[in-house]
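All residue numbers refer to positions in the sequence shown, counting from 1.
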Amino acid sequence: MEAMAPTKLVFSLLLLLRLASTINADDFCVAKPGVSEQTLQANINYACAQQGVDCSPIQPGGSCFTSDLITRASYAMTTYYNVFRSQGSTCDFTQSAQLTSTDPSKGSCSFGPKGSGSSNPPAAGSGAPTTPAPGGGKGKGRGMKWCVAKHQASQQDLQANLNYVCANQGVDCSPIQPGGACYDADIRARASYAMNSYYQLKGRSDFNCDFSGTGLITISDPSHGGCNYIQAGGQGPSGPTPTKPSTPAQPSTGGNGQWCVPKQEATDQVLQQNINWLCGTHKVNCNDVLGGGKCWARSIRPRASYLMDLYYKQNGRNNYDCDFVGTAQVTNINPSWGSCVYGS
């Protein structure tokens with residue numbers, strides 16, 4: 001028996017070294033390639049709702065905030081894993097995550113050292129989320145949800161959502177007009193603001209953030225700079241009973257009697273940029289607005305209006321062809337004047 005003691009000791013030391021190597025080799029829990037945005041957002045919701053998991057660095061203004069959902073999800077999952085792995089939690093997240101020894105930190109964004117554990121781990125047996133659902137987390141962030149556009153949503157779908165929400169749904173879209181606090185040249189940012197406003201106004205039911213599969217519920221506040229997204233907080237609306245909205249209309253094709261004109265608030269500077277783009281890239285024939293042309297005018301607005309409408313007609317009269325970074329609108333009032341006759 002005594003002769004076996006050194007063998008047991010060596011075996012025990014080797015086992016401890018192996019365990020230590022296993023623990024220290026893979027410090028980061030990151031998203032697997034090809035995981036859907038819905039799953040990644042669900043993982044963020046779950047991880048950030050657990051007590052002891054600090055997700056403030058991936059909030060707007062934080063050192064790890066980025067528009068890349070994969071990076072935000074990887075940070076949240078790594079933080080969750082490092083806090084709770086001493087209690088037996090794994091880096092699984094319904095097979096949407098994997099361990100790596102490659103530090104994913106970038107610039108000022110540090111994924112940080114391993115956590116030291118928490119006195120309030122998730123419920124026994126949970127380990128990692130099995131079927132996380134967007135907005136289903138508990139703890140901090142409870143009731144604080146926003147609706148944003150999915151990253152893969154096309155510009156056509158986003159413009160359709162803007163048309164639907166801002167046209168007749170009681171949503172105030174003035175903040176995303178030129179000069180507004182939330183105006184952005186990126187249609188995705190404008191659509192997210194409008195979709196969230198609709199979602200909050202209609203009662204924050206999940207189906208209010210569907211938008212034909214182009215919307216996504218998040219617990220990360222998308223507000224930025226001076227642009228504050230509406231959020232009601234709490235668990236339910238104090239306003240009207242939620243009603244399921246009709247599917248947002250797809251970009252419609254306008255028939256006769258529709259024209260594309262500048263919005264009233266569009267500045268001369270922006271309209272000149274529209275003219276430069278249309279004429280400089282030969283999108284349309286600009287001869288009619290040159291000196292001596294039938295639509296030449298001393299003012300920029302009528303010249304821009306004629307060219308924007310020409311582009312709109314040439315490209316099929318889709319609503320998104322009359323966007324011009326949010327500076328144009330479709331009208332049924334014929335803008336023709338004098339010898340300048342617009343096409344029907």
Side-chain angles (χ1 to χ4, degrees), residues 19-146 148 150-151 206 216-222 231:
L19 286 172
S21 175
T22 302
I23 290 174
N24 293 322
D26 299 314
D27 293 340
F28 307 97
C29 179
V30 297
K32 286 183 178 179
V35 177
S36 70
E37 286 196 345
Q38 184 173 2
T39 298
L40 293 177
Q41 187 60 58
N43 292 347
I44 291 175
N45 293 348
Y46 177 89
C48 295
Q50 306 305 323
Q51 186 174 352
V53 176
D54 179 17
C55 287
S56 60
I58 59 173
Q59 300 296 328
S63 60
C64 293
F65 176 73
T66 172
S67 59
D68 180 23
L69 186 62
I70 293 175
T71 300
R72 298 201 309 274
S74 293
Y75 182 92
M77 294 189 297
T78 291
T79 304
Y80 168 91
Y81 171 67
N82 286 329
V83 168
F84 292 119
R85 66 176 175 174
S86 62
Q87 280 80 35
S89 293
T90 62
C91 176
D92 180 67
F93 288 89
T94 322
Q95 299 182 347
S96 62
Q98 61 188 2
L99 286 170
T100 179
S101 58
T102 303
D103 188 348
S105 301
K106 298 177 183 177
S108 62
C109 174
S110 174
F111 274 55
K114 299 182 292 296
S116 57
S118 169
S119 57
N120 295 289
S126 65
T130 3
T131 53
K138 296 180 181 180
K140 67 178 181 179
R142 181 171 181 167
M144 310 286 276
K145 299 191 293 184
W146 295 265
V148 296
K150 286 184 177 178
H151 185 68
D206 286 352
L216 180 73
I217 293 174
T218 178
I219 62 168
S220 298
D221 187 353
Q231 67 88 14

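Of all heavy-atom pairs between Lys145 and Asp206, the closest is NZ-OD1, 4.0 Å. Listed here is the closest heavy atom pair of Gln51 and Phe84: O-CZ, 3.4 Å. When all heavy atoms are compared, the tightest approach of Cys91 to Leu99 is CB-CD2, 3.7 Å. Closest approach of Cys109 and Tyr75 over heavy atoms only: SG-CD1, 4.5 Å. What you find for Val53 and Ala76 is that their closest heavy atoms are CG1-O, 4.5 Å.
No side-chain heavy atom of Phe65 sits under 4.5 Å from any side-chain heavy atom of Gln59.
With sequence neighbours left out, Lys32 forms a side-chain contact (heavy atoms from CB on, under 4.5 Å) with Val35, Gln95, Gln98. For Pro104, the side-chain contact (heavy atoms from CB on, under 4.5 Å) partners are Phe28, Val30, Phe111, not counting sequence neighbours.
Paired with Cys64 under the rule side chain to side chain contact (heavy atoms under 4.5 Å, CB included), one option of Ser56, Pro57, Ser110, Ser108 passes, and it is Pro57.
Ile58 CD1 to Thr71 OG1: the interatomic distance, rounded to the nearest 0.5 Å, is 10.0 Å. For the atom pair SG of Cys29 and CG of Asn82, the computed distance is 8.5 Å after rounding to the nearest 0.5 Å.
Panel note: side chain Thr94, backbone Ser96; no donor-acceptor pair is recorded below 3.5 Å. A donor-acceptor contact shorter than 3.5 Å links the side chain of Ser74 to the backbone of Ala31.
Ring centroids of Tyr46 and Tyr80 are separated by less than 6.0 Å, placing the two rings close together.
For Asp92 and Thr90, the side-chain atoms include no donor-acceptor pair closer than 3.5 Å.
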- Task: Mind running side-chain contact (heavy atoms from CB on, under 4.5 Å) on Val83 and Asp54 for me, showing each step along the way?
- Result: CA-CA 10 Å; Val83 168; Asp54 179 17; over 6 Å; no
